[in-house]
Amino acid sequence: MLSKMRPPSPNRKKEVRLKRGPWTAEEDKLLTAYIQKHGYGSWGSLPHKAGLERCGKSCRLRWINYLRPYIKRGKFSLEEEQTIIQLHAFLGNRWSAIAAHLPKRTDNEIKNHWNTHLKKRLIKMGIDPMTHKPSTSPSPKNGSNLSHMTQWESARLEAEARLVRE
DNA sequence: AAGTTCGACAACCGCGGCTAT
DNA sequence: AATAGCCGCGGTTGTCGAACT
């Protein structure tokens with residue numbers, strides 16, 4: 001939908017070079033202080049008001065994924081991982097919907113965790129991470145034990161997906 | 001010790017939905 | 001009804017530290 005994309009720098013008064021890349025502690029402080037005082041929203045104008053040389057999009061991302069006071073960071077518990085796998089079986093790559101069931105986790109964090117850990121783990125178990133069903137060409141070396149595991153896991157996932165649906 | 005590869009995660013980009021005009 | 005702009009989402013990339021050679 002290119003027509004909807006805004007031109008490079010439409011109505012910016014001055015060509016302020018917007019900063020990109022990792023956030024500094026100082027920037028975090030500015031953003032947090034501003035949001036604590038005024039709340040968030042209107043991301044387009046927020047950076048300027050907060051004294052940040054970032055685009056609104058970058059500020060929004062930083063706040064949502066990192067600075068919000070109640071988010072939980074660090075290692076995922078077994079329960080959380082199971083929940084993610086179950087929800088993914090039902091919802092697919094709808095990370096924000098999955099994150100809604102794990103209130104303290106962000107969609108970005110869940111997505112990263114899925115891509116770096118859970119997906120690989122399922123593949124290792126012979127489960128297709130997209131369909132959550134035993135993959136069609138299971139690795140030949142870990143035969144029957146694995147297929148039993150995958151059948152069990154698959155049945156469990158389907159049952160749990162049903163539960164989530166209800 | 002130096003160089004290379006790998007894994008984890010933060011951040012960016014492009015797109016689509018929604019709303020206001 | 002058409003258009004412009006904002007917001008949020010999902011995919012992808014970039015960066016950095018750890019592990020390995």
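Below, chains carry the letters A, B, ... as their sequence lines are ordered, and counting in each starts from 1. In what follows, every heavy atom counts, from backbone to side chain, and hydrogens, waters and symmetry copies are set aside.
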A:Leu30 and A:Trp23: CA distance, side-chain angles, deciding distance, side-chain contact (heavy atoms from CB on, under 4.5 Å) verdict: CA-CA 11 Å; A:Leu30 282 171; A:Trp23 280 64; over 6 Å; no
Stepwise, does the side-chain contact (heavy atoms from CB on, under 4.5 Å) test hold for A:Asp128 with A:Lys133? CA-CA 6 Å; A:Asp128 184 323; A:Lys133 295 205 160 77; 5.5 Å; no
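A heavy atom lying under 4.0 Å from DNA chain B marks the following residues of residues 57-65 of chain A, by number: A:Lys57, A:Ser58, A:Leu61, A:Arg62.
Rounded to whole Å, atom P of C:dC6 lies 19 Å from atom OH of A:Tyr40. Put simply, CH2 on A:Trp114 is 21 Å from C1' on B:dA10, counting in whole angstrom units. As rounded to whole Å, 13 Å separates atom P of C:dC6 from atom CG of A:Leu46. Rounded to an integer number of Å, the gap from A:Asn115 CG to B:dA11 C1' is 15 Å. If you measure from atom CG of A:Leu31 to atom P of B:dA11, you get 11 Å, rounded to the nearest angstrom. Here B:dA11 presents its P atom at 12 Å from CD of A:Glu109, a figure rounded to the nearest Å. Spacing between atom CZ of A:Arg94 and atom P of B:dC15 amounts to 22 Å, rounded to whole angstrom units. Between A:Lys19 atom NZ and B:dA10 atom P the separation is 17 Å, expressed in whole Å.
With sequence neighbours left out, the salt bridge (Lys or Arg N to Asp or Glu O under 4.0 Å) criterion links A:Lys119 to no other residue. For A:Tyr66, the ring pair (Phe, Tyr, Trp, His ring centres under 6.0 Å) test picks out no residue, with sequence neighbours left out. Partners of A:Arg105 by salt bridge (Lys or Arg N to Asp or Glu O under 4.0 Å), not counting sequence neighbours, listed by chain and number: A:Glu80, A:Glu109. Applying the salt bridge (Lys or Arg N to Asp or Glu O under 4.0 Å) rule to A:Glu27 yields the partners A:Lys19, A:Arg54; only residues at least two apart in sequence or on another chain are considered. Take A:Arg20 and apply the side chain to side chain contact (heavy atoms under 4.5 Å, CB included) test, not counting sequence neighbours, and it matches no residue. In this structure, the salt bridge (Lys or Arg N to Asp or Glu O under 4.0 Å) partners of A:Glu26, at least two apart in sequence or on a different chain, are A:Lys29. The side chain to side chain contact (heavy atoms under 4.5 Å, CB included) test applied to A:Ala100 returns no partner, not counting sequence neighbours. A:Asn112 is linked by a side chain to side chain contact (heavy atoms under 4.5 Å, CB included) to A:Asn108, counting only residues two or more places apart in sequence or in another chain.
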Under 3.5 Å, N/O pairs linking protein and nucleotides 16-18 of chain C:
none

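A side-chain hydrogen bond (donor to acceptor under 3.5 Å, both in side chains) check over residues 31-44 of chain A, counting only residues at least two apart or in different chains, returns nothing.
In terms of phosphate contacts, A:Arg20 brings a side-chain nitrogen or oxygen within less than 4.0 Å of OP1 or OP2 of B:dC13. One finds a side-chain N or O of A:Trp43 lying less than 4.0 angstrom from the OP1 or OP2 phosphate oxygen of C:dG8. Proximity of A:Trp95 to the phosphate of C:dG11: a side-chain N or O atom is located under 4.0 Å from OP1 or OP2. Taking only side-chain nitrogens and oxygens, A:Ser42 never comes nearer than 4.0 Å to OP1 or OP2 of C:dC6.
Among the atoms of the strands shown, none is found under 4.0 Å from any heavy atom of A:Gly56.
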Summarise protein proximity over nucleotides 4-9 of chain B in one line of letters, 5' to 3': B for base, S for sugar-phosphate only, - for none, counting protein heavy atoms closer than 4.0 Å. ----SB
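Atoms OG1 and CH2, on A:Thr106 and A:Trp63 in that order, are 13.5 Å from each other to the nearest 0.5 Å.
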